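What you are looking at is a predicted structure, and each value in this text was computed from that prediction instead of being measured. By convention in this document, chain letters (A, B, ...) are assigned in the order of the sequence lines, proteins followed by strands, and residues within each chain are numbered from 1.
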Protein chains: 2
Amino acid sequence: MSDAIRVVVADDERMVRTALRVILDAEPGIEVVGEATTGAEAVSVVRDRLPGVVLMDVRMPGIDGIRATEQILATLAAPPRIVVVTTFENDSHVYDALRAGAAGFLLKRGAAEELIQAVRLVARSDSLLFPAQIRELAARHAPAHATAHPWTARLTEREAQVLRLMATGRTNAEIAERLGVGPATVKTHVASVLAKTGTRDRTQAVIAAYESGFVRPR
Amino acid sequence: MSDAIRVVVADDERMVRTALRVILDAEPGIEVVGEATTGAEAVSVVRDRLPGVVLMDVRMPGIDGIRATEQILATLAAPPRIVVVTTFENDSHVYDALRAGAAGFLLKRGAAEELIQAVRLVARSDSLLFPAQIRELAARHAPAHATAHPWTARLTEREAQVLRLMATGRTNAEIAERLGVGPATVKTHVASVLAKTGTRDRTQAVIAAYESGFVRPR
DNA sequence: CGGAGCCTCCCCCGCACGGCGGAGCCGGAT
DNA sequence: ATCCGGCTCCGCCGTGCGGGGGAGGCTCCG
């Protein structure tokens, strides 16, 4: 497959880099095309390989991940989506990175599955990345305007309705009937939901809905 | 649709009968073909209408649900599946009914969705009915040999494996690869899972897995 | 006024999925 | 010795689904 998602991994720790590479390379449709160990190296590698996604450690010697993010976004015509990777739950640097234009962030201890979903998500859509991990972080860090759920900010109201109905096991036709619209419309919304959640079919979308807390078992 | 599931409702309370009828009649593929208000009437109505499923109240004037169940199962060549309906959580009569050959039981306060699933389940397979409600009951009534999950007793080991993999969003082909068997085999197992869980597609099966606690959000 | 975002709906296409029926193999129970 | 349940596969077939486009109408906002 030539249209695989091209990923560059930037982290000063070798173990982390290889871990990320192994996980992502094992995944069809994702290809790690470069590694970097410093912020400066990250910038040049990205310029060189022109990836779709960059996994960027916040803490690196020399130029750190935040400044590297800034430079990449500022100097490339079609910049990749940058996902910040961090070890700590509430690393204030993460917010700096997000402010600098990062598409989202991940905890290093997160499940491989989430990493993959995250990469797929940022690669496909231009919505912010909000994997399940963000909840624990958001809960203790920004209890102020904590919105209901990770995606709801990015899923439109209609899309959220559709996802909720998908999570009750309904077919597109049934959802259409329920919402009083045509089946084609539902298909469109479903496609948007899949893109924004980084999933490939309705089953995965429903799983993501459960895993993220968007819907809960009764 | 001529092959709808034919249901007979037996309960002495009119409200209950109509509630069940309304819920079930609204559901495509399910048809309420008779009602009874006593155990004796239940037996004759069932003999007359030959339903696939009987919803039987345990407490009815005259012959109660348990004896009606016994008689139906004893005297019909191809007896319907009998689901006992009760108001109380730990009604010891329920166990009598199960011993008499009932296919499962439901709490009257249960969700409409569960009723429907229950009817579909018993109609399609010959496995015992174990909707989500049973857990609360099983928990406090028979803490002894309380098995892990409602269905696991009825799903074979292989089927449970397949369901777990379905709940990770995998396709049949991926499950096959993972298990080291052919795709056709996985299809067979999936079909069994759908039948036993009373679901019509993999998405619904995964939802049921979450709702029953068979799998849990992390 | 003119975009941008959202909702609505259309086409075509390929495929995974699920229903149906059949089959062989094996081990344990009767 | 027979039967049954579980696991393994095979076809065929219809269709729901998802990907790829495009298109018109709406509101909101600069």
Side-chain angles (χ1 to χ4, degrees), chain A residues 1-5 28-29 120 123-128 151-163 165-167 169-208, chain B residues 1-5 28-29 120 123-128 151-163 165-167 169-208:
Chain A
M1 202 170 291
S2 61
D3 49 68
I5 301 168
R120 290 234 170 82
R124 291 192 198 183
S125 74
D126 42 25
S127 63
L128 263 188
W151 315 320
T152 31
R154 285 297 162 182
L155 289 185
T156 67
E157 194 44 49
R158 210 49 162 173
E159 287 159 0
Q161 281 180 21
V162 169
L163 178 53
L165 289 169
M166 289 199 281
R170 272 168 250 256
T171 64
N172 289 339
E174 287 166 348
I175 294 171
E177 193 186 4
R178 186 70 171 260
L179 295 180
V181 298
T185 304
V186 175
K187 284 188 66 174
T188 304
H189 291 315
V190 170
S192 297
V193 168
L194 298 186
K196 289 185 179 178
T197 58
T199 52
R200 68 179 169 205
D201 56 44
R202 65 201 302 106
T203 304
Q204 284 194 357
V206 168
I207 291 168
Chain B
M1 203 170 291
S2 63
D3 47 64
I5 301 167
R120 290 234 169 82
R124 291 192 199 182
S125 74
D126 42 25
S127 62
L128 262 188
W151 316 319
T152 31
R154 285 297 162 181
L155 289 186
T156 66
E157 194 45 48
R158 209 51 163 171
E159 287 159 358
Q161 282 178 21
V162 169
L163 178 54
L165 289 170
M166 289 200 286
R170 272 167 249 256
T171 64
N172 289 339
E174 287 166 348
I175 294 171
E177 192 186 4
R178 186 69 172 260
L179 295 180
V181 299
T185 304
V186 174
K187 284 187 67 172
T188 305
H189 292 315
V190 169
S192 298
V193 169
L194 297 185
K196 289 184 179 178
T197 58
T199 54
R200 68 180 168 202
D201 56 44
R202 67 200 301 107
T203 304
Q204 283 194 358
V206 168
I207 291 168

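- The CD atom of B/Q161 lies 11.5 Å from the CG atom of B/L155; values are rounded to the nearest 0.5 Å.
- Residues A/L179 and A/V162 form a side-chain contact, since some pair of their non-hydrogen atoms from C-beta on lies under 4.5 Å apart.
- Nucleotide C/dC15 holds its C1' atom 12 Å from the NZ atom of A/K187, rounded to whole Å.
- Residues in residues 171-184 of chain A take part in these salt bridge (Lys or Arg N to Asp or Glu O under 4.0 Å) pairs, two or more places apart or across chains: A/E174-B/R200.
- Side-chain atoms of A/T156 stay outside donor-acceptor range of the base of C/dC7, with no qualifying N/O pair under 3.5 Å.
- At least one side-chain nitrogen or oxygen of A/H189 sits closer than 4.0 Å to the OP1 or OP2 atom of C/dT8.
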Let me check something: any side-chain donor-acceptor pairs from residues 180-191 of chain B under 3.5 Å, sequence neighbours excluded? List them with distances.
{"unit_1": "B/T188", "atom_1": "OG1", "unit_2": "B/A184", "atom_2": "O", "d": "3.0"}

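- Side-chain proximity of B/T185 to the nucleotides C/dC10, C/dG18, D/dT8 is greatest for D/dT8.
- Minimum atom distance to the side chain of A/R202 is reached by D/dG18, of the listed C/dG19, D/dG18, D/dT8.
- Taking B/D201 as the reference, nothing meets the side chain to side chain donor-acceptor pair (under 3.5 Å) condition, with sequence neighbours excluded.
- Listed nucleotides D/dG18, D/dC7, D/dT8 differ in distance to B/T188; the shortest reach to its side chain belongs to D/dT8.
- Distance, B/E159 CD to D/dG6 P: 7 Å, rounded to whole Å.
- Within residues 171-183 of chain B, the residues having any heavy atom closer than 4.0 Å to DNA chain D are, in order of number, B/V181, B/G182.
- Considering only side-chain N and O atoms, B/R158 lies under 4.0 angstrom from the phosphate OP1 or OP2 of D/dT8.
- Five base pairs at each end of the helix from C/dC1-D/dG30 to C/dT30-D/dA1 define two local axes, and these are offset by 40° (rounded to 10°).
- What separates NZ of B/K196 from C1' of D/dG6 is a distance of 9 Å, to the nearest Å.
- Atom CD in B/E157 sits about 22 Å away from atom P in C/dC26, given to the nearest Å.
- Taking CD1 from B/I207 and OG1 from B/T199, the interatomic distance works out to 9.0 Å, rounded to the nearest 0.5 Å.
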List the steps, then state whether side chain to side chain contact (heavy atoms under 4.5 Å, CB included) holds for B/V206 with A/R202. CA-CA 11 Å; B/V206 168; A/R202 65 201 302 106; over 6 Å; no
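- Judged as a side chain to side chain contact (heavy atoms under 4.5 Å, CB included), and not counting sequence neighbours, the contacts of B/S192 are B/E159.
- Although no hydrogens or angles enter the test, the distance criterion places a donor-acceptor pair under 3.5 Å between the side chain of A/Q204 and the main chain of B/G169.
- Atoms CG (A/L194) and C1' (D/dC17) sit 10 Å apart, rounded to a whole Å.
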